[in-house]
Amino acid sequence: MNEIFIKNQPVLSKILNKIKNTDNNVQAYILSGDSKEKLRDYAIMFSKILICPNKYEENCEKCNICMRIDNNSFGELKIINPVNKVIKKETILELRNSFNTESIEGRNGVYIINDVETLNVAAANAILKFLEEPDGNFVAIFTTTNIDSVIKTISSRCQIIKINNCKTKYGLEFVSEISGLEEEKIYEVVDFTKLIEKSKIKAISTVKNDFMSLFETKKSLSSALNVMLLYYKDMLNFKIKDKCLYFEKNDIKSLATIQSEDVISRKISFILENIAKLEYNVNVLLFMDNLIIGIGEIEND
(Lines give C-alpha, C1' and ligand atoms only; values in the text may rest on other atoms or scores of the structure.)
Protein backbone atom coordinates (compact mmCIF):
# COMPACT_ATOMS: atom_id res chain seq x y z
CA MET A 1 0.00 0.00 0.00
CA ASN A 2 1.45 3.33 -1.07
CA GLU A 3 -0.88 5.52 0.96
CA ILE A 4 -1.85 5.65 4.61
CA PHE A 5 -5.55 5.65 5.41
CA ILE A 6 -6.81 6.10 8.95
CA LYS A 7 -10.44 5.11 9.29
CA ASN A 8 -12.78 8.12 9.56
CA GLN A 9 -9.83 10.55 9.68
CA PRO A 10 -9.48 11.97 6.12
CA VAL A 11 -7.77 15.19 7.23
CA LEU A 12 -5.19 13.35 9.30
CA SER A 13 -4.61 10.81 6.50
CA LYS A 14 -4.06 13.59 3.96
CA ILE A 15 -1.52 15.36 6.18
CA LEU A 16 0.34 12.14 7.03
CA ASN A 17 0.58 11.10 3.38
CA LYS A 18 1.88 14.52 2.41
CA ILE A 19 4.60 14.29 5.05
CA LYS A 20 5.44 10.72 4.10
CA ASN A 21 5.77 11.41 0.38
CA THR A 22 7.34 14.89 0.40
CA ASP A 23 9.07 15.36 3.78
CA ASN A 24 6.98 18.52 3.92
CA ASN A 25 6.05 19.08 7.55
CA VAL A 26 5.57 22.02 9.88
CA GLN A 27 7.34 22.43 13.19
CA ALA A 28 4.41 21.73 15.53
CA TYR A 29 1.03 20.01 15.41
CA ILE A 30 -1.89 19.74 17.83
CA LEU A 31 -4.12 16.68 17.70
CA SER A 32 -7.46 17.61 19.24
CA GLY A 33 -10.16 15.08 20.13
CA ASP A 34 -12.30 13.62 22.89
CA SER A 35 -10.38 10.40 23.60
CA LYS A 36 -6.98 10.67 25.27
CA GLU A 37 -6.19 7.07 24.41
CA LYS A 38 -6.93 7.51 20.68
CA LEU A 39 -5.02 10.79 20.55
CA ARG A 40 -1.96 9.13 22.04
CA ASP A 41 -2.19 6.28 19.52
CA TYR A 42 -2.46 8.75 16.64
CA ALA A 43 0.48 10.72 18.02
CA ILE A 44 2.67 7.60 17.99
CA MET A 45 1.70 6.81 14.39
CA PHE A 46 2.34 10.45 13.48
CA SER A 47 5.80 10.25 15.06
CA LYS A 48 6.67 7.16 13.04
CA ILE A 49 5.82 8.91 9.77
CA LEU A 50 7.99 11.86 10.77
CA ILE A 51 10.88 9.63 11.87
CA CYS A 52 10.85 6.42 9.78
CA PRO A 53 13.64 6.47 7.14
CA ASN A 54 11.78 3.93 4.96
CA LYS A 55 8.65 5.98 4.22
CA TYR A 56 6.59 4.38 6.93
CA GLU A 57 3.75 2.04 6.01
CA GLU A 58 1.05 1.03 8.47
CA ASN A 59 2.39 -1.77 10.66
CA CYS A 60 5.89 -1.01 9.36
CA GLU A 61 8.32 -3.88 9.95
CA LYS A 62 11.11 -2.69 7.67
CA CYS A 63 13.25 -0.97 10.28
CA ASN A 64 14.12 -1.40 13.90
CA ILE A 65 13.32 2.29 14.52
CA CYS A 66 9.57 1.71 14.30
CA MET A 67 9.87 -1.37 16.50
CA ARG A 68 11.88 0.63 19.05
CA ILE A 69 9.22 3.35 18.99
CA ASP A 70 6.62 0.68 19.81
CA ASN A 71 8.85 -0.50 22.64
CA ASN A 72 9.38 3.06 23.88
CA SER A 73 13.14 2.66 23.47
CA PHE A 74 13.93 5.02 20.59
CA GLY A 75 15.99 7.92 21.91
CA GLU A 76 14.96 10.50 19.32
CA LEU A 77 11.30 10.29 20.34
CA LYS A 78 10.46 11.89 23.68
CA ILE A 79 7.01 11.57 25.24
CA ILE A 80 5.87 13.83 28.07
CA ASN A 81 2.77 13.20 30.16
CA PRO A 82 1.46 15.38 32.99
CA VAL A 83 2.25 14.43 36.57
CA ASN A 84 -0.57 15.20 39.00
CA LYS A 85 -2.38 16.98 36.14
CA VAL A 86 0.43 19.43 35.45
CA ILE A 87 3.55 19.68 33.30
CA LYS A 88 6.25 21.80 34.89
CA LYS A 89 9.09 23.89 33.52
CA GLU A 90 11.78 21.48 34.73
CA THR A 91 10.36 18.75 32.50
CA ILE A 92 10.53 21.02 29.45
CA LEU A 93 14.09 22.08 30.25
CA GLU A 94 15.10 18.41 30.47
CA LEU A 95 13.46 17.89 27.08
CA ARG A 96 15.42 20.75 25.53
CA ASN A 97 18.68 19.47 26.96
CA SER A 98 18.04 16.03 25.50
CA PHE A 99 17.59 17.57 22.03
CA ASN A 100 20.87 19.45 21.78
CA THR A 101 21.90 18.02 18.40
CA GLU A 102 20.12 17.14 15.17
CA SER A 103 18.53 13.72 14.90
CA ILE A 104 20.94 11.08 13.68
CA GLU A 105 18.95 7.90 13.05
CA GLY A 106 15.57 9.17 11.93
CA ARG A 107 14.42 11.77 9.44
CA ASN A 108 13.35 14.00 12.34
CA GLY A 109 13.51 14.05 16.09
CA VAL A 110 10.02 14.19 17.61
CA TYR A 111 8.63 15.11 20.99
CA ILE A 112 5.06 14.39 22.03
CA ILE A 113 3.45 16.39 24.82
CA ASN A 114 0.16 14.82 25.87
CA ASP A 115 -2.52 16.98 27.51
CA VAL A 116 -0.71 20.14 26.44
CA GLU A 117 -3.32 22.26 28.22
CA THR A 118 -1.75 21.14 31.53
CA LEU A 119 1.48 23.07 30.92
CA ASN A 120 1.92 25.60 33.69
CA VAL A 121 2.88 29.16 32.75
CA ALA A 122 6.63 28.64 33.17
CA ALA A 123 6.54 25.40 31.16
CA ALA A 124 4.48 27.06 28.43
CA ASN A 125 7.03 29.87 28.16
CA ALA A 126 9.83 27.30 27.89
CA ILE A 127 7.98 25.49 25.09
CA LEU A 128 7.40 28.78 23.28
CA LYS A 129 11.13 29.43 23.36
CA PHE A 130 11.70 25.93 21.95
CA LEU A 131 9.18 26.58 19.15
CA GLU A 132 10.65 29.99 18.36
CA GLU A 133 14.29 28.88 18.53
CA PRO A 134 14.35 25.21 17.47
CA ASP A 135 17.60 23.33 17.92
CA GLY A 136 17.86 21.13 14.83
CA ASN A 137 15.26 19.13 12.93
CA PHE A 138 12.73 18.51 15.67
CA VAL A 139 8.96 18.38 15.38
CA ALA A 140 6.40 18.77 18.18
CA ILE A 141 3.17 16.81 18.44
CA PHE A 142 0.78 18.03 21.13
CA THR A 143 -2.45 16.32 22.14
CA THR A 144 -5.46 17.80 23.90
CA THR A 145 -9.05 16.95 24.68
CA ASN A 146 -9.78 20.63 25.39
CA ILE A 147 -8.38 22.86 22.66
CA ASP A 148 -9.98 25.95 24.24
CA SER A 149 -7.77 25.53 27.30
CA VAL A 150 -4.50 25.46 25.35
CA ILE A 151 -2.57 28.70 25.77
CA LYS A 152 -3.20 30.74 22.64
CA THR A 153 0.44 31.62 22.04
CA ILE A 154 1.11 27.89 21.68
CA SER A 155 -1.91 26.89 19.61
CA SER A 156 -1.34 29.80 17.21
CA ARG A 157 2.08 28.34 16.34
CA CYS A 158 0.73 24.87 15.54
CA GLN A 159 -1.23 23.19 12.79
CA ILE A 160 -4.37 21.99 14.54
CA ILE A 161 -5.78 18.63 13.42
CA LYS A 162 -9.22 17.82 14.75
CA ILE A 163 -9.92 14.14 15.10
CA ASN A 164 -13.39 13.17 13.83
CA ASN A 165 -16.19 11.87 16.02
CA CYS A 166 -15.18 14.24 18.78
CA LYS A 167 -18.20 15.13 20.87
CA THR A 168 -17.57 18.68 22.03
CA LYS A 169 -19.18 19.17 25.41
CA TYR A 170 -20.92 22.38 26.36
CA GLY A 171 -23.11 23.79 29.10
CA LEU A 172 -23.04 23.39 32.86
CA GLU A 173 -22.42 19.66 32.55
CA PHE A 174 -19.06 20.45 30.93
CA VAL A 175 -18.28 23.14 33.53
CA SER A 176 -19.01 20.61 36.28
CA GLU A 177 -16.83 17.98 34.57
CA ILE A 178 -13.88 20.37 34.23
CA SER A 179 -14.14 21.82 37.73
CA GLY A 180 -15.46 18.85 39.70
CA LEU A 181 -18.05 21.18 41.29
CA GLU A 182 -21.79 20.74 41.59
CA GLU A 183 -24.16 23.30 40.06
CA GLU A 184 -24.79 25.13 43.32
CA LYS A 185 -21.09 25.81 43.88
CA ILE A 186 -20.61 26.73 40.22
CA TYR A 187 -23.13 29.54 40.67
CA GLU A 188 -21.41 30.61 43.88
CA VAL A 189 -18.29 31.18 41.76
CA VAL A 190 -20.32 32.99 39.07
CA ASP A 191 -21.85 35.31 41.68
CA PHE A 192 -18.41 36.02 43.11
CA THR A 193 -17.06 36.78 39.62
CA LYS A 194 -19.92 39.21 38.99
CA LEU A 195 -19.19 40.93 42.29
CA ILE A 196 -15.52 41.36 41.40
CA GLU A 197 -16.56 42.93 38.11
CA LYS A 198 -19.10 45.27 39.69
CA SER A 199 -17.43 46.09 43.01
CA LYS A 200 -13.74 45.72 42.09
CA ILE A 201 -11.58 45.99 45.21
CA LYS A 202 -14.64 46.26 47.48
CA ALA A 203 -15.17 42.55 46.88
CA ILE A 204 -12.22 41.89 49.19
CA SER A 205 -14.11 43.14 52.20
CA THR A 206 -17.66 42.16 51.22
CA VAL A 207 -17.74 38.50 50.23
CA LYS A 208 -14.18 37.19 50.16
CA ASN A 209 -14.53 35.51 53.53
CA ASP A 210 -17.81 33.85 52.53
CA PHE A 211 -16.20 32.67 49.30
CA MET A 212 -13.16 31.34 51.15
CA SER A 213 -15.38 29.36 53.51
CA LEU A 214 -16.66 27.44 50.45
CA PHE A 215 -13.28 27.09 48.72
CA GLU A 216 -10.78 26.93 51.56
CA THR A 217 -8.23 24.47 50.12
CA LYS A 218 -5.91 25.01 47.17
CA LYS A 219 -7.61 22.14 45.33
CA SER A 220 -11.12 23.55 45.72
CA LEU A 221 -9.86 27.03 44.92
CA SER A 222 -8.32 25.71 41.71
CA SER A 223 -11.72 24.23 40.81
CA ALA A 224 -13.35 27.61 41.43
CA LEU A 225 -10.80 29.38 39.23
CA ASN A 226 -11.51 26.93 36.42
CA VAL A 227 -15.19 27.93 36.60
CA MET A 228 -14.15 31.58 36.54
CA LEU A 229 -11.94 30.87 33.54
CA LEU A 230 -14.83 29.36 31.56
CA TYR A 231 -17.06 32.29 32.56
CA TYR A 232 -14.60 34.78 31.06
CA LYS A 233 -14.12 32.55 28.01
CA ASP A 234 -17.87 32.74 27.49
CA MET A 235 -17.64 36.53 27.64
CA LEU A 236 -15.11 36.30 24.82
CA ASN A 237 -17.36 33.87 22.92
CA PHE A 238 -20.17 36.40 23.21
CA LYS A 239 -17.96 39.25 21.95
CA ILE A 240 -16.59 37.27 18.99
CA LYS A 241 -19.39 34.84 18.04
CA ASP A 242 -22.45 36.37 19.74
CA LYS A 243 -23.06 33.06 21.50
CA CYS A 244 -22.11 31.35 24.74
CA LEU A 245 -20.97 27.77 25.18
CA TYR A 246 -21.12 27.20 28.93
CA PHE A 247 -23.45 29.72 30.58
CA GLU A 248 -26.70 31.44 29.68
CA LYS A 249 -26.25 34.26 27.19
CA ASN A 250 -28.33 36.70 29.23
CA ASP A 251 -26.12 35.95 32.23
CA ILE A 252 -23.00 36.89 30.26
CA LYS A 253 -24.20 39.77 28.12
CA SER A 254 -24.22 42.66 30.59
CA LEU A 255 -20.62 42.14 31.73
CA ALA A 256 -19.26 41.25 28.30
CA THR A 257 -20.79 44.28 26.58
CA ILE A 258 -18.88 46.82 28.67
CA GLN A 259 -15.45 45.22 28.12
CA SER A 260 -13.21 44.96 25.08
CA GLU A 261 -11.98 41.62 23.71
CA ASP A 262 -8.45 42.60 24.74
CA VAL A 263 -9.46 43.19 28.36
CA ILE A 264 -11.31 39.87 28.57
CA SER A 265 -8.34 38.07 26.98
CA ARG A 266 -5.98 39.62 29.52
CA LYS A 267 -8.23 38.52 32.37
CA ILE A 268 -8.25 34.98 30.98
CA SER A 269 -4.43 35.00 30.86
CA PHE A 270 -4.30 36.39 34.41
CA ILE A 271 -6.57 33.63 35.73
CA LEU A 272 -4.49 30.95 33.96
CA GLU A 273 -1.36 32.36 35.60
CA ASN A 274 -3.02 32.22 39.01
CA ILE A 275 -4.23 28.65 38.53
CA ALA A 276 -0.57 27.76 37.93
CA LYS A 277 0.51 29.64 41.07
CA LEU A 278 -1.69 27.43 43.21
CA GLU A 279 0.75 24.57 42.60
CA TYR A 280 3.19 26.30 44.88
CA ASN A 281 3.11 27.02 48.60
CA VAL A 282 1.00 30.17 48.54
CA ASN A 283 -0.81 32.00 51.31
CA VAL A 284 -4.41 31.43 50.23
CA LEU A 285 -5.81 34.62 51.81
CA LEU A 286 -3.13 36.79 50.24
CA PHE A 287 -3.59 34.91 46.97
CA MET A 288 -7.29 35.83 46.92
CA ASP A 289 -6.56 39.48 47.65
CA ASN A 290 -4.10 39.61 44.77
CA LEU A 291 -6.54 37.81 42.48
CA ILE A 292 -9.38 40.25 43.15
CA ILE A 293 -7.12 43.31 42.87
CA GLY A 294 -5.47 41.96 39.72
CA ILE A 295 -8.74 41.33 37.88
CA GLY A 296 -10.08 44.71 39.01
CA GLU A 297 -7.01 46.53 37.66
CA ILE A 298 -7.40 45.13 34.13
CA GLU A 299 -9.46 47.85 32.47
CA ASN A 300 -10.27 49.16 29.02
CA ASP A 301 -7.53 51.48 27.76
Side-chain angles (χ1 to χ4, degrees), residues 11-12 28-40 42-43 81-82 85-87 112-121 123-125 127-128 131 140-181 183 186 189-190 193 222-249 251-253 255-256 259-278 295 298:
V11 174
L12 182 58
Y29 300 86
I30 293 180
L31 302 183
S32 173
D34 66 340
S35 169
K36 290 186 180 183
E37 184 178 351
K38 287 183 179 178
L39 288 172
R40 293 181 183 196
Y42 287 139
N81 296 307
K85 298 184 179 181
V86 67
I87 299 172
I112 298 171
I113 297 182
N114 290 313
D115 306 336
V116 66
E117 72 277 8
T118 62
L119 288 165
N120 68 20
V121 174
N125 289 335
I127 277 293
L128 282 174
L131 293 175
I141 302 173
F142 305 130
T143 72
T144 182
T145 55
N146 188 4
I147 190 67
D148 290 335
S149 294
V150 179
I151 295 175
K152 204 165 187 178
T153 48
I154 291 177
S155 61
S156 64
R157 288 168 169 80
C158 302
Q159 181 172 352
I160 298 174
I161 304 171
K162 294 185 178 180
I163 303 302
N164 286 348
N165 300 322
C166 301
K167 297 178 181 178
T168 306
K169 299 177 183 178
Y170 301 122
L172 279 182
E173 182 181 353
F174 176 75
V175 178
S176 180
E177 182 178 321
I178 290 296
S179 65
L181 299 178
E183 185 173 326
I186 289 172
V189 178
V190 169
T193 306
S222 177
S223 296
L225 260 62
N226 275 291
V227 173
M228 192 179 291
L229 179 66
L230 292 174
Y231 194 76
Y232 279 103
K233 284 188 173 182
D234 245 4
M235 288 192 203
L236 199 57
N237 288 327
F238 176 83
K239 298 288 286 189
I240 296 172
K241 305 174 184 177
D242 193 32
K243 68 177 183 179
C244 297
L245 301 181
Y246 314 113
F247 300 93
E248 292 293 330
K249 188 173 179 179
D251 196 41
I252 295 288
K253 184 176 180 179
L255 290 178
Q259 302 182 73
S260 69
E261 292 176 19
D262 177 66
V263 164
I264 298 171
S265 295
R266 283 190 281 145
K267 288 179 179 179
I268 289 171
S269 296
F270 181 73
I271 294 167
L272 281 168
E273 290 173 6
N274 279 273
I275 290 173
K277 286 179 183 177
L278 281 172
I295 292 175
I298 301 173

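This is a predicted model, so every value here is computed, not measured.
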For Lys249, which residues count as a salt bridge (Lys or Arg N to Asp or Glu O under 4.0 Å) partner, sequence neighbours excluded?
-> Asp242
Interatomic distance, Asn274 atom CG to Ser222 atom OG [nearest 0.5 angstrom] | 11.0 Å
Measure the shortest side-chain to side-chain distance between Ile240 and Glu261 over non-hydrogen atoms and say whether it is less than 4.5 angstrom.
-> yes
Closest heavy-atom pair and its distance - Ser155, Ile30 | CA-CD1, 3.8 Å
Measuring from Asp34:CG to Lys162:NZ, what's the distance to the nearest 0.5 Å?
-> 12.5 Å
Can you find a pair of side-chain heavy atoms, one from Gln259 and one from Lys267, that are under 4.5 Å apart?
-> yes
Below 4.5 Å, heavy atoms only, C-beta onward: do Leu255 and Thr193 meet side chain to side chain?
-> no
Between Lys36 and Asn114, is there a donor-acceptor pair closer than 3.5 Å when you use the side chain of the first and the backbone of the second?
-> no
One should read off an interatomic distance between Asn120 CG and Leu272 CG, to the nearest 0.5 angstrom, of 11.0 Å
Non-hydrogen atoms of Ile112 and Ala43 that approach each other most closely | CD1-O, 3.7 Å
Find out whether Leu31 and Arg40 are in side-chain contact, i.e. whether some heavy atom of one side chain is under 4.5 Å from a heavy atom of the other.
-> no
Decide yes or no for Met228 and Ile295: does some side-chain heavy atom of the first lie under 4.5 Å from some side-chain heavy atom of the second?
-> yes
When you look at NZ of Lys38, are more than 12 heavy atoms from neighbouring residues, nucleotides or ligands closer to it than 6.0 Å?
-> no
Taking every heavy atom of Ala28 against every heavy atom of Arg157, the minimum-distance pair comes out as CB-O, 4.1 Å
Please report the C-alpha distance between Ile151 and Leu128 in whole Å, then the side-chain angles of each, then the deciding distance to 0.1 Å, and finally whether the side chain to side chain contact (heavy atoms under 4.5 Å, CB included) criterion is met.
-> CA-CA 10 Å; Ile151 295 175; Leu128 282 174; 5.7 Å; no
Is there a donor-acceptor pair under 3.5 Å between the side chain of Asn237 and the backbone N or O of Cys244?
-> no
Verify side chain to side chain contact (heavy atoms under 4.5 Å, CB included) between Ile161 and Tyr42, making sure each step is shown before the conclusion.
-> CA-CA 11 Å; Ile161 304 171; Tyr42 287 139; over 6 Å; no
Going by heavy atoms in the side chains, are Ile127 and Leu131 under 4.5 Å from each other?
-> yes
Using a cut-off of 6.0 Å, state whether more than 12 heavy atoms not belonging to Glu173 lie near its atom CD.
-> no
For Cys158 and Ile154, which heavy atoms make the closest approach, and how far apart are they?
-> SG-O, 3.3 Å
Which atom of Met235 lies closest to which atom of Ile264, heavy atoms considered | CB-CD1, 3.8 Å
Any donor-acceptor N or O pair under 3.5 Å, side chains Asn226, Ser179 = no
Heavy-atom donor-acceptor pair, Thr145 side chain to Gly33 backbone, under 3.5 Å = no
Start with the C-alpha gap between Ser176 and Ile186, add the side-chain angles, then the distance that decides, and say whether side chain to side chain contact (heavy atoms under 4.5 Å, CB included) holds.
-> CA-CA 7 Å; Ser176 180; Ile186 289 172; 4.0 Å; yes
Mind checking what makes ring-ring contact (aromatic ring centres under 6.0 Å, His included) contact with Phe142, not counting sequence neighbours?
-> none
Less than 4.5 Å apart, any side-chain heavy atom of Val175 and any of Phe247?
-> yes
Distance, nearest 0.5 Å, that separates CG of Leu236 from CG of Leu245 | 10.5 Å
CD1 on Ile271 to CG on Leu225, rounded to 0.5 Å | 6.5 Å
Closest heavy-atom pair and its distance - Ile147, Ser32 | CB-OG, 3.7 Å
Could you check if a side-chain atom of Tyr246 sits within less than 4.5 angstrom of a side-chain atom of Ile252, using non-hydrogen atoms only?
-> no
Say whether, by atom type as modelled, one donor and one acceptor occur between the side chain of Asp115 and the main chain of Pro82 under 3.5 angstrom.
-> no
Would you say Lys233's side chain and Asp148's backbone share a donor-acceptor pair under 3.5 angstrom?
-> yes
Give a yes or no on this: more than 12 heavy atoms of other residues, nucleotides or ligands lie within 6.0 Å of atom CD of Gln159.
-> yes
